[in-house]
Structure formats: structure tokens, C-alpha cells
Amino acid sequence: MFMRRPKKWWKKILLVAMGFALLVCVFVSTRPTFSSVAYQFADDAKWNAASFPLIVEGAPPGKFAVEFVVHLPRVHPTSLYFMPDDCIDRLIINGSTVTDSIFPFCNFRMGRSASLLSYLQPGENHIAVHMRNLGWPAGLDVRVPPYDPLSLIILFCFVCIVCGALGTQQIRKIIGTATKHGWLTAREWKQCIAFGKAAIFVCIVLGAVRGFDALFARVFYELSNPYTADLSLYLALGRGILNGLTPYVDLFENKPPGMFLLAASSLALFDGPQLLHLMQGAILVGFPYVLFIWYVLNYTLTLKGLRDARMVFLLVNTVFFGIGIGLYTMLRSGEAQIESYGAFLGVLYLLIVARCDKPIANRVLLIASIPLLGAIGFKEPFILSLFAGALVLTVGHFPDILQRFFKPLLLAALFGLVAMMALGYLWPYLAVYLGEMFGHHIPQSGSPVFRALNWHRLWLDVKDFSTGFVWSIALMTGYSLWIRWKQSRSLEDMMPPIGSLLFAITFTTFAVAMTNVYFNHHFVFAVPLYAAIFLRFFQDIYHDRSRVAFSVLTLNTLLLTWAMCSHATMNYSHLLQIFQQEPVSAQKAAAAVDEILDACGIDRYFFLGKNGPQPYAYTKHSPMGPLFMQYGYSLSPDRTYFRAEFLRALSEAQLVVQESFALADLHDEVTAYLEEEFTEEPWGCAQSAAYAIPQQYVVLYRNHE
């Protein structure tokens, strides 16, 4: 007996290996091949050649065209995944315009999958894409989505091979009996169930491998110090704080002070943004970790409990949802964007107050107020989505909302006021910052009611990230409502849970569209709502021992597994090459400007230009403000304070660092003033460093005659 067992298992392993090798050959033979890419901008008659992924640095805003050829084998995928930078207006395949509902669309660095079965054919397919660049680099990447039907069929075949190797004789017997009699015995039903369990187990293992691979790939990317445009603003404000300046009155940026203090800490510790990126990596790992800890602490995970399929599925749901929400947050707001920090703190607050059937002690509320303050301190719209999360958790029960949200919010407000008074930021925050936000920035975006009712935006955005993930959220929401109906069986009793859900979605949508600009990182405001839906679902299904609950839990496990397996990893190495090159000119200019200011005994300089990789992110001397970078709308006639401060700072400036700028109606006045009062001829004290400044920047010196 001892000698036969290895032989039997070796046969099974050999069968799996042969099946896997066969499917790999099938997978490779069905992959399309892409030709080189030709692209042309509207103002340029020349066609340029490149390869995927296409990224054109310094591309002008406006229309451009991309053409390429896809060669498909006889058996081929039926959908393609398009990742534009920034907009696809029209897609033409073999002379036919694609009428898929996703076109046109704009989605920076996150694409959409289009079903192209009626347009693609075996052999060569000529594809033309009409695109628009909204600014910065332009580009396009095209690939086969992991959840293409052909890929799913191959994956299913692999699962069948593995499961078949575990019991090929039993499967043959079951199929033969079912064919002969048309029914199955109890024993054979058990064998079917065992087969299904083995298949689900294999899927979960594959999902875990794929999910953790995507997780750590993103972690290593975040730890490699990628650059994003807004990082320059945070570093400039952080350096200003270290130089003794006050946010909003000396240097203005339309963010609360949390990110500025974090940037100042990073500069103090590392003289760079390393702390911001370290925290990004910690946040990404932290999402599944804190959810797992919450699961263990509140539901007593034991080895004995892991023998129960329900507990295993709950554990898988917890970890996979944590990975999914972390990857979603990083794809939308990674690379040291503010919203990712606030989202993590918001989820941490929800985990603290999400204690089912337990009175919450005052010390717990005190602890909960700290991450609540942190989330709002990074971005104020989180107050809306966190209130939405509290509505979902409490199912609209007002005493619970009062205890779990408003009491911690009051404590957070008190802590915030004391901290800002101690730092000296309170009056500038109230008078300058909030005056600008509520007086101009938010009202200029149109009707808040219309923005708050764009619920479909949330669905489309999560669907862009993962179809499995968005359907998992929908399933969890529907199940929690069904539980309420099952408990009440009364339309009147269903009004609070339905109303609280509708209000939660409305508040979250308004938080995302506060300024009516649907930037990718703004959708991270919705992360607390998704986390609250998961926590509500977890608590409901944990206490429901019915077969329906187990079926829903199994289906949700498969949906989250699908989300893990279908996650498309970005070309991080290529992105890093780009991001490491973008700030080089700004860093060289910053070193030269600092040398000039030190040599000539000047404390600050005046910068004329926009956001992006600019010298003010890297100079030891702070630029003059409050508008240390300018857009035309920030100097509109109704913004009298900023116009007056801008002209005052310009009149006092001794040194001007100029990039391309647009100042609306002040453009001609400022240009004339610079021509009259400044020269490009360096002062004597600036001779040694003046010629080290890259050509994209112009340094102007005030006339001293």
C-alpha cells in the first residue's frame, strides 16, 4: 500500500502538468499580435511611429489620431481593453465605426473593455482611434482583458483538469449514471458537491495568488517614489511650513492642512517625499490587514472555526475585499495623492464604530474621532461619505447615528480647532480658504442637486476597475436590503433602510462631484461607502444561518475571486521611467535658483507658471504667494483678494522664474510690467548659476538702475 500511493499521485500530478502545458499552448496560440503604432496630432502632418504602450511626453492639448494593426488567429478573443490618455472620441475597425456604448469616454490611466465580436475577424484588423489630449502626456494602451470569454473558458478548462485529476473515476461514473438514468443518487450528489468544492477551492487559490501579486506589485511601485503633478504643490507648502510661512495667506492651495503637515514631516525627515510614498505602501497593505484584524477581533477566528465553510468564505471575502478596495484606491489616488490617505483613515473609523449589537464605550468613540479627524483633515468631502457610511451601518437608526457619527464628529471638530489655533492656521483657514471654497470654487460648478443625483457615475467608475467587484457591491447591498425585508415584512419598516441607502448614495455622489470635475482621484471619496456596505453585509450574513445566506456568501466569494483574477496590472516599470524623468528639469532649475538667491541675499522668488513638475517643489527658498502657481480662473475679476495679492507680490519681487503662463485678463498687464521692470541679463552675483537653468524656464532680474 505504501508503494502504490506515490504512483497514484504521480499520475495525477502528471495529468495536471500535461493539461496545464496544453492550455498554455492554447492560450499563447490564441493571443493577438499588435503592430507598431502610428500617431498624428491635428496640427502636424507628420505621422510618427511607436509601440504599445504609446506615451507621448509634452504632447499639445487637442485632437490626435492613432492607427495600428491587430493580427488575430482563427480562434481569438472577442474584446479589447482600451486605456486612453485622455479621451477616445471614436473607434474605427476595418472601416466600420464601433457603436459600443462606452465610446466616447475619457479616463486617465484606467480603461474600459469593449466587446468587438462583430468587428474583429481572423487575420489583420486595421484599427483607427480618434483621441483628445487634455494636457500633459498623451497616449494609448490596448490589451486583451483577463475576463475575455476565451480567457475564462481556458481558466475553466484548467479548473476542470485539476478537479478531474482529484477524482476522474468518480466523475466518469457520475456522468455515466446521469446519462443512463437521468438522475443522481445521494452518494453521487455528494461527489458532485465534492467536485464543486474542489473547483471553488482552486478558484480561490488562483484568486489569492493573483490578488496578492497585484497588491505587492503596486506596493513596490509606490515605494519607488513615483511622481504625480500635485506632489509639487504639497512639497511647496511643506517647505513653506518649515520656512515659517503660514498656509493660505503666504502660500495658497485649495486643500486642508493635513497633507501640508505630512509633506513638511517628510521634508524634515528625508528632505524629500519618501515618507509620503512609504505611507502609500503601508496604506495599500493596511486595507486587507485592518479588515482581517477586525474580523479576528470581532468574530473570534479559530482553527476549529476554519473547518466551517461559512467562516472560510467570510475570511476570503474579508481579505479579497480588502485587496480590491486597496487596489482601487491606489489606481485612483496613488502616487502620493491626498484622497488615499483620507480613505484609509475613513475605513479605519468605520471599523472602530462597526460593532454589531454592542454598546460603544466613550473611550471607543474618543479613539474613533482620531481617524475621523484625520480623514477630514486630508480632504473635507470625506465628511459626507463617512456620514453616508454611518447611515449604511446603522440602517438609518437615528440614536445609532448620533452615537457612532455625530459624537465622534464633535470630538474631532474640537480637536481640530485646538490644533489649528495652536498652529496659527485657524483664521487663514476660515477667512481665506473657506471663503474661496464656498464663495467661488464650489458654486462655480453649477447645481449641487444635479451633481448629487449622478448616481450612475459611481457604478461606471467601479465597473471600469472591475466588473466582478462592482457586482459584488451590488449583491451585498441587495442582500442587506433583503434581510431588512425578511425581518420586517412591512413596507413602512423598509422606509428607513431604503431611505438611508438613497441618502448615503446621494451624499457620496455629491462628495465625488463637489466641483463637477470627475477626476479619477475624486472617486476615492466613495471608498467609505463601499467599506460600510461590506461591513453591513458581513454582519448580516454572519448571523443568518439559512441556505440562502450561504448561497449568497458563496456567490459573493466567487465574484470577489473573479475581481482578483481579472485585475489588470499596469506597466509599472514603464511608468516609473516616465515619472523619474519628469522632475529632472525642475530639480536642475531649483538648484540653480537656490544658488542665485543665496549668492544675492534674497529670501524668496516669484514664480509665473502652472502646476506640474516645477522648481517650487524642490527649492529650499519658498516662492512668493499666496498664488505661487497660477491659473486664469484663480485671478478672475471676482477674486479681488487674490488679484490684489498677486499684483502686490509681483511689485515686490526681485527675481522672477517664468514658465508658460495664462493669467486671463491680467496677461497683457503682467507681460508689459515684466518687459519694463525686468531683464534677462543676470546680476553680477548670479552669473555663476544663471546659465545652469534649463531652457524651458526664463529667469528675470529686476532692473536696479
Whether the side chain of S385 engages the backbone of F525 through a donor-acceptor N/O pair (distance < 3.5 Å, no angle test) should be reported.
yes
Count the heavy atoms belonging to other residues, nucleotides or ligands that lie under 6.0 Å from CH2 of W427, then report whether that count exceeds 12.
no
Can you name the nearest heavy-atom pair linking P247 to Y425, along with the distance?
CD-CE2, 3.4 Å
From L434 atom CG to N254 atom CG, the distance as rounded to the nearest 0.5 Å
11.5 Å
Run the side chain to side chain contact (heavy atoms under 4.5 Å, CB included) test on F68 and V129 for me, step by step, so that the C-alpha distance in whole Å, both residues' side-chain angles and the decisive distance to 0.1 Å come before the verdict.
CA-CA 9 Å; F68 57 95; V129 190; 4.0 Å; yes
Looking at side-chain heavy atoms only, is the closest gap between Y39 and M131 below 4.5 Å?
no
Less than 4.5 Å apart, any side-chain heavy atom of L327 and any of F465?
yes
Counting the benzene-type ring for Trp, do Y701 and F678 have ring centres under 6.0 Å apart?
no
Derivation of the side chain to side chain donor-acceptor pair (under 3.5 Å) call for N243 and H621
CA-CA 8 Å; N243 290 340; H621 297 262; over 6 Å; no
Show your working on side chain to side chain contact (heavy atoms under 4.5 Å, CB included) between H522 and E339 and close with a plain yes or no.
CA-CA 7 Å; H522 289 176; E339 290 80 5; 4.1 Å; yes
Would you compute the distance between atom SG of C87 and atom CG of L140 and round it to the nearest 0.5 angstrom?
12.0 Å
For residues 427-440, which residue pairs qualify under salt bridge (charged side-chain N to carboxylate O under 4.0 Å, His left out), counting only residues two or more places apart or in two chains?
E436-R639
Y289, OH: over 12 other non-hydrogen atoms inside 6.0 angstrom:
no
So with a 6.0 Å cut-off around CZ of F220, is the heavy-atom count from everything else above 12?
no
Taking only residues two or more places apart in sequence, or in another chain, which ones meet Y341 in a ring pair (Phe, Tyr, Trp, His ring centres under 6.0 Å)?
F378
Listed by chain and number, what are the ring pair (Phe, Tyr, Trp, His ring centres under 6.0 Å) partners of F34, not counting sequence neighbours?
F52
Take F661 and F607 through the ring-ring contact (aromatic ring centres under 6.0 Å, His included) test and state the conclusion after the steps.
CA-CA 10 Å; F661 62 91; F607 181 80; 9.7 Å; no
Would you check, one step at a time, whether the test side chain to side chain contact (heavy atoms under 4.5 Å, CB included) holds for L647 with Y673?
CA-CA 10 Å; L647 295 174; Y673 182 82; over 6 Å; no
Relative to each other, are the rings of H441 and Y633 parallel, tilted or perpendicular (30° and 60° limits)?
tilted
Yes or no on side chain to side chain contact (heavy atoms under 4.5 Å, CB included) for I88 and F105, after CA distance, side-chain angles and deciding distance?
CA-CA 6 Å; I88 293 179; F105 79 96; 4.2 Å; yes
Paired with L663, the side-chain contact (heavy atoms from CB on, under 4.5 Å) test is passed by just one of R643, E669, Q630, namely Q630
Side-chain contact, heavy-atom cut-off 4.5 Å: M330 with I283?
yes
Establish, from distance only, whether the side-chain atoms of Y234 and S266 form a donor-acceptor pair under 3.5 Å.
no
Residue pair P257 / Y248, side-chain heavy-atom distance below 4.5 Å:
yes
Mind listing the closest non-hydrogen atom pair of G625 and A649 along with its distance?
O-CB, 3.6 Å
Mind checking what makes ring pair (Phe, Tyr, Trp, His ring centres under 6.0 Å) contact with F64, not counting sequence neighbours?
F41
Minimum-distance pair of heavy atoms, taken over all atoms of G612 and S232
O-OG, 2.6 Å
Any donor and acceptor pair, going by atom type alone, linking the side chain of R702 with main-chain N or O of S651 inside 3.5 Å?
yes
Compare all side-chain heavy atoms of F646 with those of F606 and state whether any distance is below 4.5 angstrom.
yes
In Å, rounded to the nearest 0.5 Å, how long is the span from CG of L233 to CD of E253?
4.5 Å
Side-chain contact test, heavy atoms from C-beta onward, threshold under 4.5 Å: evaluate it for N225 versus Q274 and give yes or no.
yes
From L384 CG over to K379 NZ, what is the distance, rounded to the nearest 0.5 angstrom?
12.5 Å
Shortest non-hydrogen pair, L345 vs G374, comes out as CD1-C, 3.6 Å
Looking at M259 and A336, what are the two nearest heavy atoms and their distance?
CE-O, 3.5 Å
Please check: side-chain N/O of D141 versus main-chain N/O of M83, any donor-acceptor pairing under 3.5 Å?
no
Do Y429 and Y433 have ring centroids that are under 6.0 Å from one another?
yes
Can a donor-acceptor pair be found between the side chains of T228 and D230 at a distance below 3.5 Å?
no
Find out whether L414 and V418 are in side-chain contact, i.e. whether some heavy atom of one side chain is under 4.5 Å from a heavy atom of the other.
no
Which residues pass the ring pair (Phe, Tyr, Trp, His ring centres under 6.0 Å) test with F415, not counting sequence neighbours?
none
D461 meets the side-chain contact (heavy atoms from CB on, under 4.5 Å) criterion, sequence neighbours left out, with Y328, R332, F523
Minimal heavy-atom distance between A590 and Y618, with the atoms involved, is CB-CB, 3.6 Å
Can you check whether G281's main-chain N or O pairs, donor with acceptor, with E222's side chain at less than 3.5 Å?
no
Validation row: P273, L231 side chains within 4.5 angstrom (heavy atoms)
yes
One should read off an interatomic distance between S333 OG and F344 CZ, to the nearest 0.5 angstrom, of 14.0 Å
salt_bridge(R239, D271) N-O dist < 4.0 Å
yes
dist I338:CD1 -> L262:CG (nearest 0.5 Å) comes out at 9.5 Å
